[in-house]
Structures are given as structure tokens and as C-alpha cells.
Amino acid sequence: ELWVGDDQVPVLDPRAVDVLEPYLTCYTIVYDGIEPKSRRERKQSFSRLKGIWQLGTLALKALDDERRGLESSASDSRFENTVALIRSGPLMVVEYMKMPRGGDRKCVGVFLGHSDADEALHLSEPPSHDTWNPNSQRLRDAYPDDPEKRELLQEMVRSIVRRIKNHCSEFLKELNPSRDPPVAPGTRRLQQILASVMNAKKLDRPHPPLRHSDPFEIRISERRVNSEATSVVEARVRIKLRSAAQADRVSALVSIIPAVVVDDNMRREVSGRVSLAFMSVDGEDVDLSANEQGVAVDVCKDRDTVVDMSSESFNRDYYARLDVVVTNQSNESAADGGISRENGGPPS
């Protein structure tokens, strides 16, 4: 029973919530094993991984045009093109994972993990239990004496997330047929003639010279240092001019920006940038405030400019990715290109 003051009110029923209705349809398909009723629904069981492990079942349902035209659709927009991720154990929605946009048509879905994948999915969740991350700290620390087992669990999570996105993209493509208007045979022939004429006029024009828009070669070596509740990222960045660059030496600005992320694929930021705690160039400490606009360095072809850094501490449950930005400041025309940007490897 549910009471508000002295009045008894009806108990909340998810089946009466319009936003949840298509999810309930998908959930019935995957949980009860019901087959889709039309082409606007799809059921896909993910095949075994390495011939042994089952991963789960995905159901997708297109949202009707009438439904998307309702005045309440604004409040539903955050659910459009999302898939509810559910583990087989607790049967609770971990996340409404956003899918890539695929035109005007929208869909929703439910993925129910198989019991074979429950351990991997459980370890991939952070303490907040709001996403599946194959690079979660708990998953990376699992089975220290059995790396093959740990890698298998990580591959399960990666495969599940990848397959969900791929099947959703394919489903949306089927819902959004090509809008190219039909072309009459005579019109197509006219297009071919005009194209040949236009190309013929360009034959006497010289090709523009090739330019190397990125004259810098950037290599990043990084590691994560964990404490009980926090982590820091330490990195060494090596910068030099590519052999194809026209100058042997240029002046540049270097900026290193650590950013906290939840998932290395989604690149979804949690708390944005992390400050630097230390930075040096070729062994000499530099003022950290200069990193905002860029630290002045000389970049050469014959040697590396070495930048060492460490970040401030951040929550150990999150991950950090380094963005290294190198801006060409040379006035010499012999130095092609302007700005080079390099990301580190998988989030540390």
C-alpha cells in the first residue's frame, strides 16, 4: 500500500508508464523467449565466444511515429536510441546505454546478459554500478595468477558492448531507407556527360603541391600509479620533427591535458580535466601555469624533445586519458603544418 497523508494512492506500475512500454516489450522478448511480432522488432542472441561461452540476448523495438509526435516526447528524448543493460543475476538496469544516431527513426532495446557472462559484467561495473567497462579497475585486478582468465572476462565485456552497438546501427539503417530520389536513365546519362566535360576542363590545371599538415612525431609512454583510493598518471612524451618536414628545427608550444573518463570507447567525461602536479622539458622543471597556453620548446629532426609529467590524484574508480597538443610557432615557411594532437593509449 502507498499512502500520501490520509489518502491511499495506487501503487506505481511500470507497465502504466508510456516511456517504459517499449522496453517492457523488449524485456519480454529476451526474458520469456518470445519471438518478435513484426519487422519493427528484432531479437538477436549473441553467439558463443570462443565456442564455449554464451553472452546474452538483445531485443530492439522501433518507436512509432505517433509516439514520437506526442507533446510528452521531449521528456522521452533521453531514452531514444538507448539500450537497457541488464545482468542475469540481479535483473536490474545498469545503464540506458546511448546508441549512435541513425536518422529520423528511433528505437530502444534491452540486452539481458547470459549467466556465463555475469561474472565479467559484474566485475566491469564501478561502485556506482552504472556502466559496463572492460577496463574497470576491478576487472583488471581480477585473477592476478590467471591472466588468460582475466583477458577472457575483458573480451566478454568488449564483445557485448561492440555487438550491441553494431546491431543497433544495422537496425536503425533498416528503419531509415535511403532518401536519394530515383534518377531517370536519361538524367543519369546527362550527369555522366557533364561530369566528363567538367573533368576535361581541369586537365590542364597543375595539381596542388602536397603538404604535410602534421610535421610532428609524438610518442607517449604512460603508466598509472594506484594508492588505496586514488590514482595518478605519469607519462613521458617524446616529440620530434618528421623526416618529411621541410625545416630541421622549429619553435613550438606543448600542452599536456589529462582528462578523466569513464569508458575508453565512449570517451564520456566524469569530472573533466585533471591538473598537472609536475612537468619538465629535457630534464628542467617548468612552470605549470604555462601549460595552459603551452610550454615553449624547440623541436628538431635529429633528437627528441622529452617532456615528463605527472597528474594530480583522481578517484581510483575512474580512468585518465592524456591529450598532447603541439602547436607550430615558427615563422619559417619551411615548416609545414600548424597543430598536432595526440592521444595516449587506452585510458590509464
Determine whether the side chains of [X] and [Y] contain a donor N or O and an acceptor N or O closer than 3.5 Å.
X: Ser159; Y: Arg163; result: yes
X: Asn226; Y: Ser231; result: yes
X: Thr25; Y: Thr28; result: no

## Note on the structure
Tightest non-hydrogen contact, residues Ala245 and Lys301, listed as O-NZ, 2.7 Å

### Message
Minimum heavy-atom separation for Leu63 and Pro22, please, with both atom names.
### Response
CD2-CG, 3.9 Å

Find out whether [X] and [Y] are in side-chain contact, i.e. whether some heavy atom of one side chain is under 4.5 Å from a heavy atom of the other.
X: Val295; Y: Leu253; result: no
X: Pro258; Y: Leu276; result: yes
X: Leu121; Y: Leu123; result: no

#### Entry: Residues which pass side-chain contact (heavy atoms from CB on, under 4.5 Å) with Ser169, listed by chain and number, not counting sequence neighbours
Pro100

### Task
Quick one: list whatever passes side-chain contact (heavy atoms from CB on, under 4.5 Å) with Ser38, sequence neighbours left out.
Arg40, Glu41

### Step-by-step side-chain hydrogen bond (donor to acceptor under 3.5 Å, both in side chains) determination, Asp141 to Gln137
CA-CA 6 Å; Asp141 292 341; Gln137 190 65 45; 3.2 Å; yes

#### Entry: Over 12 foreign heavy atoms within 6.0 Å of CG, Leu12
no

### Query
Is Tyr96 atom OH crowded by more than 12 heavy atoms from other residues, nucleotides or ligands, each under 6.0 Å away?
yes

Hey, any chance [X] and [Y] share a hydrophobic cluster, counting ILVMFWY side chains that come within less than 4.5 Å of each other, even indirectly?
X: Met97; Y: Trp132; result: yes
X: Leu91; Y: Val30; result: yes
X: Leu288; Y: Ile256; result: yes
X: Ile29; Y: Tyr27; result: no
X: Ile86; Y: Val19; result: yes

Salt bridge check: are [X] and [Y] linked by an N-O gap of less than 4.0 Å?
X: Arg158; Y: Glu155; result: yes
X: Arg42; Y: Glu174; result: yes
X: Arg238; Y: Asp308; result: no
X: Asp302; Y: Lys240; result: no

#### Entry: Among Thr82, Val93, Val17, side chain to side chain contact (heavy atoms under 4.5 Å, CB included) partner for Tyr23
Thr82

Polar side-chain atom of [X] near backbone of [Y] as donor-acceptor pair, under 3.5 Å:
X: Arg242; Y: Phe216; value: yes
X: Arg138; Y: Glu125; value: yes
X: Asp287; Y: Ser289; value: yes
X: Ser255; Y: Asn291; value: yes
X: Ser310; Y: Glu234; value: no
X: Asn81; Y: Cys107; value: yes
X: Ser311; Y: Ala277; value: no
X: Asp32; Y: Ile34; value: no

Can you list, pair by pair, the side-chain donor-acceptor contacts under 3.5 Å of residues 144-153, counting residues two or more places apart and other chains?
| unit_1 | atom_1 | unit_2 | atom_2 | d |
| --- | --- | --- | --- | --- |
| Asp146 | OD1 | Lys149 | N | 3.2 |
| Arg150 | NH1 | Ala142 | O | 3.3 |
| Arg150 | NH1 | Tyr143 | O | 3.0 |

### Query
Sequence neighbours excluded, which residues qualify as salt bridge (Lys or Arg N to Asp or Glu O under 4.0 Å) partners of Asp116?
none

## Note on the structure
Contacts of Glu35 meeting salt bridge (Lys or Arg N to Asp or Glu O under 4.0 Å) (sequence neighbours excluded), chain-then-number -> Lys43

## Note on the structure
ring-ring contact (aromatic ring centres under 6.0 Å, His included) filter on Phe46, not counting sequence neighbours, yields Phe111, His167

#### Entry: CA sep, side-chain torsions, deciding dist, call: Thr131, Glu95, side-chain hydrogen bond (donor to acceptor under 3.5 Å, both in side chains)
CA-CA 6 Å; Thr131 191; Glu95 177 188 10; 3.1 Å; yes

